[in-house]
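For the single chain, residues carry numbers from 1 onward in sequence order.
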Amino acid sequence: MSEPNPGKRPAVRHAGRFQLFTGVLVFVAVASLALAGVFAATGGDQSSTEETWSSFKPSSDGLETGARQIADHVGRQYRLPNGQQIVAVTGGPLEFPVEQENLPMRIAVRTSPADGGDITVLEGRGVLYRMCGLGDKCAISEGKPSGERALLLRREALELALYSFRYLDDIEHVVVFIPPPRGENPSNAVHFVRDDVAGQLSRPLRATLPTPVPNADTITTAPNTPAIQALTFANLFKFSLTVGNQDANVFLVLDPLPTGS
């Protein structure tokens, strides 16, 4: 009986190791390619999170440029059933012109007497958007006023707020002046604080405001409308402006809507 050749087993053992090593290299190469694809698609940094939140992002996080770009973008999304843009939207710092000077606004929220009648002056940086329907006193010049159209405008206000909290620097308040009915002065505003929409900011915009953007004829059957209605109505106020008598500011006074409004 011949003795086994001592050189054969090591050869087989090395072949097995070589095959295993080759397999590992192939796996690493495939994984590297996959990771490279992911980094190429996302940029390999936290900016991918921002990109997935919305397809639009202002080029600046400053109030002057960023708020203007948000106003332009959102304003063009909301239209009358005939296709015409429903309101012009402007945005900027929370300021009000008084005697050729822009005075900072301070938000004063006043509760109803039934809820205690307290006044709370809020702190924090804010942005102000104005919706104007281009009619007299910024009323909407086309179409007929309706509850559906009012809801559509509040949806637009919510979208302005979400973009602002997401992309503008250190914003704690968003105020949106809503167009008045024809023949009346502007008196309604939507006011959001960041905590109001914290849940909406933690998921993509389309989860809260699905596309396509509805119009007044389709708003009641659009996805998420009941949630949008509840969120925005809770943040709707009557507003008035009072120039401070001791310091250089304007109080934006927010009162609860009368019962039944």
Side-chain angles (χ1 to χ4, degrees), residues 51-60 65-92 127-168 174-192 196-197 200-201 203-237 239 261:
E51 291 169 2
T52 57
W53 191 83
S54 67
S55 58
F56 163 79
K57 179 181 178 181
S59 64
S60 170
T65 301
R68 184 182 71 249
Q69 292 178 352
I70 290 171
D72 289 344
H73 172 76
V74 174
R76 292 191 178 100
Q77 310 307 310
Y78 287 79
R79 297 184 176 269
L80 296 166
N82 65 7
Q84 182 173 310
Q85 185 172 327
I86 187 169
V87 290
V89 185
T90 58
V127 58
L128 173 64
Y129 292 98
R130 293 178 172 90
M131 294 181 178
C132 184
L134 304 184
D136 183 44
K137 299 179 180 178
C138 274
I140 298 172
S141 57
E142 300 290 332
K144 295 181 179 180
S146 66
E148 290 78 13
R149 195 167 77 177
L151 174 58
L152 182 66
L153 293 173
R154 298 205 310 270
R155 186 190 196 274
E156 185 172 1
L158 174 61
E159 187 162 351
L160 291 166
L162 292 177
Y163 274 116
S164 300
F165 288 130
R166 183 74 186 191
Y167 292 126
L168 300 185
V174 175
V175 177
V176 184
F177 287 171
I178 303 295
R182 291 191 190 113
E184 297 184 18
N185 292 317
S187 61
N188 282 0
V190 187
H191 168 238
F192 297 96
D196 291 336
V197 293
Q200 287 73 29
L201 294 172
R203 54 182 180 266
L205 179 66
R206 63 182 179 274
T208 304
L209 301 173
T211 56
V213 175
N215 58 45
D217 288 347
T218 61
I219 181 69
T220 56
T221 57
N224 276 14
T225 289
I228 293 167
Q229 185 171 15
L231 178 62
T232 58
F233 191 79
N235 291 281
L236 183 62
F237 297 87
F239 79 85
S261 297

Colleague: Quick one: are Thr90 and Leu128 in side-chain contact, heavy atoms under 4.5 Å?
Modeller: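 No. Closest side-chain heavy atoms not under 4.5 Å.
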Colleague: Could you check, using the six-membered ring where one of them is a Trp, whether Phe239 and Phe177 have ring centers closer than 6.0 angstrom?
Modeller: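 Ring-ring flag for Phe239/Phe177: true, centres closer than 6.0 Å.
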Colleague: Only pairs at least two apart or in different chains count here, so list each disulfide (SG to SG under 2.5 Å) that has a residue in residues 127-164.
Modeller: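 Sorted result for residues 127-164: Cys132-Cys138.
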Colleague: Nearest 0.5 Å please: distance from the CZ atom of Arg149 over to the CD1 atom of Ile86.
Modeller: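 That separation rounds to 5.5 Å.
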Colleague: Show the nearest heavy-atom pair for residues Ser164 and Tyr129, with the distance to one decimal.
Modeller: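 For Ser164 versus Tyr129, the nearest heavy atoms are OG-OH, 2.6 Å.
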Colleague: For Gln200, give me all partners under side chain to side chain donor-acceptor pair (under 3.5 Å), at least two apart in sequence or on another chain.
Modeller: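 Side chain to side chain donor-acceptor pair (under 3.5 Å) list for Gln200, sorted by chain: empty.
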Colleague: Where do Ala88 and Leu134 come nearest, in terms of heavy atoms and distance?
Modeller: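 Closest pair (atom of Ala88, atom of Leu134, distance): CB-CD2, 4.2 Å.
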Colleague: Is a side-chain N or O of Arg68 found less than 3.5 angstrom from the main chain of Gly92, in a donor-acceptor match?
Modeller: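 No, Arg68 side chain to Gly92 backbone: no donor-acceptor pair under 3.5 Å.
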Colleague: What verdict does the side-chain contact (heavy atoms from CB on, under 4.5 Å) test give for Trp53 and Leu162, after you've listed the backbone C-alpha separation in whole Å, the side-chain angles of each residue and the deciding distance to 0.1 Å?
Modeller: CA-CA 11 Å; Trp53 191 83; Leu162 292 177; 4.0 Å; yes
Colleague: Please report the interatomic distance CG(Leu160) to CD(Gln77), rounded to the nearest 0.5 Å.
Modeller: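 Leu160 CG to Gln77 CD: 10.5 Å, rounded to 0.5 Å.
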Colleague: Looking at side-chain heavy atoms only, is the closest gap between Pro186 and Arg130 below 4.5 Å?
Modeller: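 Heavy-atom side-chain distance check fails, nothing below 4.5 Å.
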Colleague: Are Leu158 and Ile228 packed together at the side-chain level, in the sense that at least one heavy-atom pair is separated by less than 4.5 angstrom?
Modeller: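 Contact flag for Leu158/Ile228 side chains = yes.
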Colleague: Given 3.5 Å as the limit, does a donor-acceptor pair link the side chain of Ser54 with the main chain of Phe56, or not?
Modeller: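 At least one qualifying donor-acceptor pair exists.
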Colleague: Kindly give the heavy-atom pair with the smallest separation between Leu153 and Pro179, and that separation in Å.
Modeller: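 Here Leu153 and Pro179 meet closest at CD1-CD, 4.0 Å.
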Colleague: Excluding sequence neighbours, so at least two apart, what forms side chain to side chain donor-acceptor pair (under 3.5 Å) with Asn188?
Modeller: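 Only Lys238 meet the side chain to side chain donor-acceptor pair (under 3.5 Å) criterion with Asn188.
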Colleague: Does Glu156 form a side-chain contact (heavy atoms from CB on, under 4.5 Å) with Met131? I'd like the steps, not just the answer.
Modeller: CA-CA 10 Å; Glu156 185 172 1; Met131 294 181 178; 3.6 Å; yes
Colleague: Rounded to the nearest 0.5 Å, what separates atom CG in Leu152 from atom CG in Asn215?
Modeller: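 Between Leu152 CG and Asn215 CG, I get 7.0 Å after rounding to 0.5 Å.
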Colleague: Show your working on side-chain contact (heavy atoms from CB on, under 4.5 Å) between Glu184 and Lys137 and close with a plain yes or no.
Modeller: CA-CA 7 Å; Glu184 297 184 18; Lys137 299 179 180 178; over 6 Å; no
Colleague: Are Leu168 and Ile70 close enough, and set up right, to give a side-chain contact (heavy atoms from CB on, under 4.5 Å), and what steps lead you there?
Modeller: CA-CA 10 Å; Leu168 300 185; Ile70 290 171; 4.0 Å; yes
Colleague: Is it true that, when you exclude Arg206 itself, more than 12 heavy atoms of the residues, nucleotides or ligands shown sit nearer than 6.0 Å to its CZ?
Modeller: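 Counting neighbours around CZ of Arg206, 12 or fewer heavy atoms of other residues, nucleotides or ligands fall under 6.0 Å, so no.
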Colleague: Who passes side chain to side chain donor-acceptor pair (under 3.5 Å) against Glu159, sequence neighbours left out?
Modeller: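 Testing Glu159 for side chain to side chain donor-acceptor pair (under 3.5 Å), a comparison that skips the adjacent residues, returns Tyr78.
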Colleague: Does any donor atom in the side chain of Ser60 or Gln69 lie under 3.5 Å from an acceptor atom in the other side chain?
Modeller: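 No - no donor-acceptor pair under 3.5 Å links their side chains.
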Colleague: Over all heavy atoms of both residues, which pair between Val89 and Gly75 is shortest? Give the atoms and the distance, please.
Modeller: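 Heavy-atom minimum between the residues: CG2-CA, 3.9 Å.
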Colleague: Could you state the interatomic distance from CG (Leu205) to OG1 (Thr52), rounded to the nearest 0.5 Å?
Modeller: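 The OG1 atom of Thr52 is 11.5 Å from CG of Leu205, to the nearest 0.5 Å.
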Colleague: Tell me whether the rings of His73 and Tyr163 are parallel (<30°), tilted (30 to 60°) or perpendicular (>60°).
Modeller: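 His73 vs Tyr163 ring planes: perpendicular.
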Colleague: Kindly state each residue pair satisfying side chain to side chain donor-acceptor pair (under 3.5 Å) with at least one member in residues 227-236, sequence neighbours excluded.
Modeller: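 Checked against side chain to side chain donor-acceptor pair (under 3.5 Å) - neighbours excluded - the pairs reaching residues 227-236 are Arg154-Thr232.
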Colleague: Should Asp136 and Arg182 count as side-chain neighbours, where that means a heavy-atom distance under 4.5 Å?
Modeller: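 Asp136 does not reach Arg182 side chain to side chain.
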Colleague: If you round to the nearest 0.5 Å, how far is CD of Gln84 from CD of Glu142?
Modeller: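 Separation between the atoms: 5.0 Å.
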Colleague: Please table the atom pairs, donor to acceptor, closer than 3.5 Å between any side-chain atom in residues 219-226 and protein atoms at least two apart or in another chain.
Modeller:
residue	atom	partner	partner atom	Å
Thr221	OG1	Thr218	O	3.3
Asn224	ND2	Ala207	O	2.7
Asn224	ND2	Thr208	O	3.0
Thr225	OG1	Ile219	O	2.6
Thr225	OG1	Ala222	O	3.0

